[in-house]
Enquirer: 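One structure follows; several queries about it will come next.
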Amino acid sequence: MKALVYTGEKELQYIDFNDPIRKENEELVKINSVGICGSDMHAFLGHDERRPSPLILGHEPSGVIIGGANDGKKVTVNPLVTCGNCRFCIDGRDNLCLTRQIISMPPREGAFAEYLSIPSNNLISVPDNINLEKACLAEPLACGWHAVRIAKESIKSEFENLKCLVIGGGAIGIGSALALKAKGVKDIFLAETNNLRHSQIKKTCEMIVFNPNETNPLKEGELDLIIDGVGIIHTREMASKYVSPGGLIIHIGLGHALNGLDIRRLTLQEITFIGTYTYTSKDFKDTAQAIFNGSLGSLEWVDVRPLSDGQKCFDEILTGNSPSPKIILKP
Ligand SMILES: [Zn+2]
Ligand SMILES: [Zn+2]
């Protein structure tokens with residue numbers, strides 16, 4: 001099969017690669033659409049020692065099952081492979097599974113390819129009226145969905161009336177903001193430093209977007225809930241400053257490992273900080289349903305490109321020249 005293979009720092013090659021072999025309890029999926037994620041960028045830059053080259057990246061696929069009893073069925077793929085038996089899996093927190101694997105990290109190849117073998121349990125059927133480009137957004141949107149669910153479970157006051165800030169206008173940030181909207185929250189601000197992305201987010205997601213480096217409509221200490229979808233020093237500084245006394249910071253971004261948080265203010269003002277990672281299998285299913293029933297909006301903020309143009313797309317994201325919050329590649 002053809003695959004887009006990460007072969008070294010800032011280098012991808014669209015080349016012939018071994019076809020995946022379908023294992024027991026797995027299905028072979030012909031990939032239709034697959035999104036580029038921030039963590040793919042991280043690996044592409046050589047910053048992820050868990051993803052050594054040569055490797056097929058990509059963990060946000062949708063496609064069609066090939067062969068077997070389910071031949072021809074449209075599916076979207078939950079890329080987290082979990083054991084089902086450990087205490088976290090049994091507790092419904094399978095995203096913390098002790099032997100968790102994700103496609104695009106050894107021992108599992110990723111989805112920037114024509115085919116993928118994946119456990120049947122990881123597949124969600126996609127209705128006929130939903131295209132596979134939308135369906136592959138289940139993975140990035142599920143991260144925001146999970147974060148918002150955790151926030152809702154943690155906040156005692158009326159969720160709908162909260163004043164919320166989402167930091168980062170990539171798919172994680174947008175997904176969080178759309179999940180907040182779906183849960184009835186009205187007062188949502190989205191901070192994004194790349195002005196190229198603003199008009200598309202405003203138009204297709206109908207929300208207030210601002211560039212915090214230019215103007216800021218918010219006052220320090222007035223946000224009940226802040227979701228950091230970037231996770232760098234600056235964004236944690238911003239979250240620490242703008243969150244209200246007794247408020248909540250939910251941290252999803254994996255930008256910088258250290259620094260930025262004002263622990264003293266968090267302590268004095270009893271601010272809660274929660275880290276969230278990916279989604280449980282239930283969150284993933286709920287997100288897919290929300291995509292299918294339209295409660296996450298039109299989802300027209302994506303840019304669809306051929307897989308063979310992968311290198312160009314990664315370069316565009318790296319230089320900040322991609323106006324879209326999500327590029328989807330088509331094998
Ligand atoms: Zn992702
Ligand atoms: Zn487990």
Side-chain angles (χ1 to χ4, degrees), residues 4 6 25 31 33-45 47-48 50-51 55-63 76-105 107-113 116 118-119 121-122 124 133-148 168-176 178-179 227-231 251-255 275-284 287-288 291 296 299 301-303 310 313-314 317-318 322 324-329:
L4 183 72
Y6 163 59
N25 302 320
I31 309 290
S33 299
V34 50
I36 302 177
C37 174
S39 61
D40 294 317
M41 291 307 297
H42 202 64
F44 171 72
L45 290 170
H47 294 168
D48 190 346
R50 302 167 306 168
R51 290 178 163 105
L55 181 71
I56 304 176
L57 301 171
H59 59 266
E60 304 179 358
S62 63
T76 187
V77 176
N78 177 346
L80 277 187
V81 180
T82 57
C83 78
N85 304 314
C86 72
R87 66 188 173 99
F88 292 109
C89 284
I90 288 166
D91 242 17
R93 298 183 78 190
D94 46 335
N95 56 328
L96 303 179
C97 174
L98 295 167
T99 55
R100 162 181 93 196
Q101 297 179 341
I102 184 164
I103 64 170
S104 78
M105 204 185 280
R108 290 190 175 271
E109 295 289 346
F112 291 148
L116 176 77
I118 184 88
N121 283 342
N122 286 58
I124 314 281
E133 287 149 21
K134 271 184 196 171
C136 82
L137 293 172
E139 199 278 343
L141 293 177
C143 296
W145 184 275
H146 173 71
V148 168
I172 299 290
I174 290 177
S176 302
L178 291 173
I227 299 181
D228 185 348
V230 183
H251 195 267
I252 319 179
L254 284 166
T276 68
Y277 178 71
T278 61
Y279 32 77
T280 64
S281 53
K282 173 154 193 328
D283 292 321
F284 196 96
T287 307
I291 291 174
L296 292 173
L299 305 176
W301 35 269
V302 299
D303 182 10
C313 296
F314 271 69
I317 297 172
L318 195 60
S322 170
S324 175
K326 176 64 70 184
I327 294 181
I328 289 175
L329 299 174

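Start at 1 and go down the list; that is how both ligands and their atoms are numbered.
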Enquirer: Evaluate the side-chain proximity of Arg108 to Val81: yes if any heavy-atom separation is below 4.5 Å, no if none is.
Expert: yes
Enquirer: Determine whether Trp145 and Leu296 make a side-chain contact, defined as any pair of heavy atoms from C-beta on separated by less than 4.5 Å.
Expert: yes
Enquirer: Please state whether the separation between the Zn ion (ligand 1) and some N/O/S atom of His59 is under 2.8 Å?
Expert: yes
Enquirer: Given side chains that start at C-beta, do those of Thr99 and Cys86 come closer than 4.5 Å, heavy atoms only?
Expert: no
Enquirer: Would you say that Phe284 contacts Glu139 through its side chain, given a criterion of any heavy-atom pair below 4.5 Å between the two side chains?
Expert: yes
Enquirer: How wide is the angle at the Zn ion (ligand 2) between SG in Cys83 and SG in Cys97, to the nearest 10°?
Expert: 110°
Enquirer: Can you give me the SG-the Zn ion (ligand 2)-SG angle for Cys89 and Cys86, to 10°?
Expert: 110°
Enquirer: Tell me, which N, O or S atom in Glu60 is closest to the Zn ion (ligand 1)?
Expert: OE2
